[in-house]
Amino acid sequence: MAIEETTPGLNFIRAIVEADIRAGKNGGRVHTRFPPEPNGYLHIGHAKSICLNFGLARDYNGLCNLRFDDTNPGKEDVEYVDSILADIRWLGFDWGDRLFYASDYFEKLYEYALHLIRAGKAYVCSLSADEIRAYRGTLTEPGKDSPCRQRSVEENLDLFQRMRAGEFPDGAYVLRARIDMGSPNLNMRDPVLYRIRRESHHRTGDRWLIYPMYDYTHPISDALEGITHSVCTLEFEDHRPFYDWVLDNLPVPCHPQQIEFARLNLNYTVMSKRKLLELVDKAFVRGWDDPRLPTIAGLRRRGYTPEAIRAFAETVGVAKRESMVDMALLEHCLREDLNRRAQRVMAVLKPLKVVITNYPAGRVEEMDAENNPEDPGAGTRKLPFSREIFIEQDDFREDPPKKYFRLSPGREIRLKHAYYIRCDEVVKNANGDIIELRCSHDPESRGGWTKDNRKVLGTSHWVSAAHAVNAEVRLYEKLLSVPDPAAEKEEKDFKEYLNPDSLEILKGCKVEPSLAQARPGDFFQFLRQGYFCVDPDSTPELPVFNRSVTLRDTWARIERSRQDK
RNA sequence: UGGGGUGUGGCCAAGCGGUAAGGCAUCGGCCUUUGGAGCCGAGAUUCGGAGGUUCGAAUCCUCCCGCCCCAGCCA
């Protein structure tokens with residue numbers, strides 16, 4: 001694994017793993033696995049688990065398998081396995097030749113089931129789904145034994161084989177573990193091991209008519225692969241006694257240890273597969289890779305880097321308490337990565353024309369611009385400057401408020417890498433809209449300096465009108481308008497909280513000429529605005545940029561706090 | 001009113017009997033040809049609450065309270 005992060009501090013799982021290594025457990029071996037079900041796209045929460053499992057293997061000289069938990073054919077699809085493979089690879093992890101599918105083990109799983117039946121530890125039950133539920137009891141009352149619990153081994157064997165052979169319709173029988181209907185842990189009240197499903201499986205086709213349940217499949221799959229530490233999320237804590245029961249009652253090669261941690265929750269977004277699927281299916285977003293979604297595909301299209309996501313996964317930590325991580329932390333991780341690496345470029349999103357009246361018409365100067373002040377090795381490039389330029393509409397106020405350090409009538413600012421300009425005249429149309437500024441430049445300020453060292457109010461980005469490239473820019477905001485719909489007073493459907501302003505498409509943006517060559521996947525810092533990446537929709541005729549994250553914006557904060565008052 | 005977990009500043013999170021790490025966010029200041037970046041500084045007399053043990057407790061004990069998960073032939 002070519003991951004460069006230094007070994008992170010110890011979380012409780014690493015503490016367990018290190019203690020096991022010290023104790024010589026598993027011969028000092030560490031072997032984890034990431035076990036997604038191919039029924040949806042991976043999201044940032046999965047990324048945390050991926051980084052955890054692959055990171056454990058990386059840091060303790062171990063291995064991490066990728067295994068698809070594909071035991072429910074009705075919900076699963078190859079589209080999902082393909083996307084999952086691509087996303088994990090993109091995140092920077094490598095499972096080597098250890099790509100497995102639970103469906104690879106169907107035959108062995110079946111044989112193990114036979115073993116349980118012969119040992120009197122599993123039986124075929126003819127109760128209906130409703131009856132099983134009724135017999136299960138409740139949280140506070142014990143369940144009742146199924147009348148089928150005493151079926152003979154021979155009859156169970158015969159029935160189970162015939163279930164496989166397809167002699168019965170869906171739902172006619174299930175295979176159940178015989179444990180304890182009085183257990184306070186519902187998962188131990190004779191859980192279902194196999195159900196009949198006449199469904200075609202994306203890998204095994206129509207070979208199977210019975211499918212094993214997750215709780216039965218998972219421990220055996222782990223054992224067959226020699227997993228040492230089986231890391232999963234908190235909701236499976238109650239399942240651990242059954243995980244152990246399966247392994248204790250079957251002649252499996254080893255007994256992995258299941259360890260549970262709290263899943264990641266992020267505010268202002270949705271993380272459940274069900275909700276993500278709904279947003280995609282009902283076209284609230286443009287697809288699984290919509291840049292507003294916390295899916296890996298969406299984050300990638302948004303401009304997130306694998307490095308930023310990995311750093312985030314390390315930073316949030318691993319623990320057992322339910323938590324809600326602030327989206328600002330994710331954004332911070334992206335900024336930190338991109339600040340070091342992104343080339344700075346000039347892009348005017350909402351253009352305002354400026355005519356520099358004392359600059360000769362037809363003259364073009366090539367100004368030197370550094371590509372990245374954080375990285376001297378990034379070099380410089382030439383920017384054409386001419387009499388007519390565009391600046392940002394936000395960089396001019398006819399009536400500037402206090403602390404506004406930008407252009408206004410009579411005031412002087414610096415055009416980054418170019419000249420100082422002073423605003424002499426504001427041109428408006430019949431509606432009173434400002435359509436043009438007439439300014440004069442100081443020829444002595446070429447490059448953005450003057451000998452007298454006088455201070456200017458601020459520095460603006462700009463682009464030469466004659467040389468600018470037209471572009472489309474997509475601005476993204478939070479997916480939800482509230483941090484946590486579940487915490488709202490009124491219980492509404494989560495879709496009620498979708499932020500109506502999560503996407504703003506800007507046409508007619510003006511970007512510096514070098515950006516005509518930008519390719520999908522390239523990322524930049526649009527000076528003073530944020531980090532942007534080239535969208536796959538981009539064409540040579542019309543580049544399309546996605547805003548990945550804004551720069552920290554002190555002025556915006558001042559204005560916001562003024563509004564609050 | 002069964003069982004399993006969990007409660008440390010706004011959000012994460014260390015800490016495992018010796019007197020509250022770190023990150024994000026926030027607020028000041030410095031610096032700045034990005035109101036970016038960077039740098040410096042501020043904030044829990046306190047660890048869900050109440051008792052107790054101890055020279056000493058976030059860490060041990062007792063009781064109480066809050067929150068999460070479990071009654072799929074989903075994972």
Side-chain angles (χ1 to χ4, degrees), chain A residues 9-11 15 35-37 39 69-72 74-76 125 127-129 132-134 136-143 170-176 183-189 191-197 210-211 213-215 217-218 232-241 260 262 264 267 273 314-333 335-336 339-340 344 346 369-370 372-374 403-406 414-418 420 445 447-449 456-461 483 525-530 550-558:
Chain A
L10 283 197
N11 56 52
E37 183 189 13
N39 68 343
D69 242 322
D70 54 349
T71 56
N72 189 4
K75 289 186 176 170
E76 299 155 6
C125 184
L127 256 26
S128 69
I132 286 182
R133 190 178 314 119
R136 186 152 31 223
T138 68
L139 294 178
T140 52
E141 303 155 32
D170 286 14
Y173 293 102
V174 292
L175 183 71
R176 293 227 255 169
S183 171
N185 182 345
L186 297 260
N187 295 299
M188 298 298 270
R189 318 239 266 226
V192 170
L193 268 24
Y194 270 90
R195 72 284 211 189
I196 302 172
R197 280 281 174 86
I210 56 174
Y211 291 96
M213 300 289 287
Y214 163 87
D215 278 328
T217 306
H218 208 77
C232 63
T233 43
L234 249 30
E235 66 270 28
F236 292 104
E237 209 151 20
D238 289 338
H239 298 231
R240 191 169 64 228
E260 310 85 9
L264 172 71
N267 60 17
K273 280 191 178 181
E314 295 295 349
T315 306
V316 292
V318 178
K320 294 198 70 159
R321 75 181 81 124
E322 295 283 350
S323 62
M324 176 75 78
V325 174
D326 197 331
M327 185 63 88
L329 181 58
L330 214 210
E331 296 183 335
H332 162 80
C333 291
R335 288 193 190 102
E336 196 169 60
N339 176 49
R340 293 194 320 262
R344 274 59 172 171
M346 300 275 204
E370 62 186 344
N372 184 352
E374 300 297 313
K403 287 192 177 176
Y404 183 83
F405 302 148
R406 303 178 188 182
R414 168 169 42 231
L415 295 176
K416 178 89 175 174
H417 303 310
Y420 291 0
S445 65
W449 295 103
V456 286
L457 235 28
T459 302
S460 282
H461 57 279
Q525 184 195 99
F526 285 4
L527 220 64
R528 303 205 301 136
Q529 308 199 86
T550 61
L551 248 28
R552 294 186 75 219
D553 188 342
T554 309
W555 172 242
R557 210 168 300 158
I558 291 170

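Here is how names work: the chains are called A, B, and so on, in the same order as the sequence lines, proteins then strands, and each is numbered from 1.
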B:G41 versus B:G51 - spacing of their C1' atoms, nearest Å: 40 Å
Sugar-phosphate only, base, or nothing, as touched by A:P373 at under 4.0 Å among non-hydrogen atoms: base
Proximal nucleotide (of B:G7, B:C68, B:A75) relative to the A:E322 side chain: B:C68
Sugar-phosphate, base or nothing in reach of A:D238, heavy atoms under 4.0 Å: base
Touch class at under 4.0 angstrom, heavy-atom based, for A:T71 against every strand present: sugar-phosphate
Sugar-phosphate only, base, or nothing, as touched by A:R344 at under 4.0 Å among non-hydrogen atoms: base
Sugar-phosphate only, base, or nothing, as touched by A:K403 at under 4.0 Å among non-hydrogen atoms: base
Nearest-angstrom distance from the residue atom CD of A:E314 to C1' of B:C24: 16 Å
Touch class at under 4.0 angstrom, heavy-atom based, for A:R136 against every strand present: sugar-phosphate
Closest to the A:W555 side chain, choosing from B:G35, B:G36, B:G72: B:G35
Touch class at under 4.0 angstrom, heavy-atom based, for A:A129 against every strand present: base
Sugar-phosphate only, base, or nothing, as touched by A:K416 at under 4.0 Å among non-hydrogen atoms: base
Rounded distance in Å between the C1' positions of B:C47 and B:A57: 11 Å
Sugar-phosphate, base or nothing in reach of A:I132, heavy atoms under 4.0 Å: base
Sugar-phosphate, base or nothing in reach of A:H239, heavy atoms under 4.0 Å: base
Validation row: A:T550, A:Q529 side chains within 4.5 angstrom (heavy atoms): no
Distance-only donor-acceptor test, A:Q525 side-chain atoms vs B:U34 base atoms, 3.5 Å: yes
First encountered from the 5' end of RNA chain B, between A:D553 and A:T138: A:D553
Syn/anti state of B:G72 by chi, 90° boundary around 0: syn
A:Y194 versus A:M213, closest heavy-atom pair with distance: N-CG, 4.3 Å
Sugar-phosphate only, base, or nothing, as touched by A:E141 at under 4.0 Å among non-hydrogen atoms: nothing
Closest to the A:R552 side chain, choosing from B:A75, B:G23, B:G36: B:G36
Of the listed nucleotides B:C73, B:C24, B:G35, the one nearest the side chain of A:R197: B:C73
Side-chain donor/acceptor of A:R406 to base of B:G35, under 3.5 Å: yes
Watson-Crick or G-U counterpart of B:G2, or none if no pair lies under 3.5 Å: B:C70
Base B:G36 paired with A:E374 side chain (donor-acceptor, <3.5 Å): yes
For atom CZ of A:R557 and atom C1' of B:G35, their distance in whole Å: 10 Å
Touch class at under 4.0 angstrom, heavy-atom based, for A:V174 against every strand present: base
Touch class at under 4.0 angstrom, heavy-atom based, for A:R321 against every strand present: base
Separation between the P atoms of B:G9 and B:C55, rounded to whole Å: 31 Å
Pair A:F405 and A:W555, ring centroids less than 6.0 Å apart: no
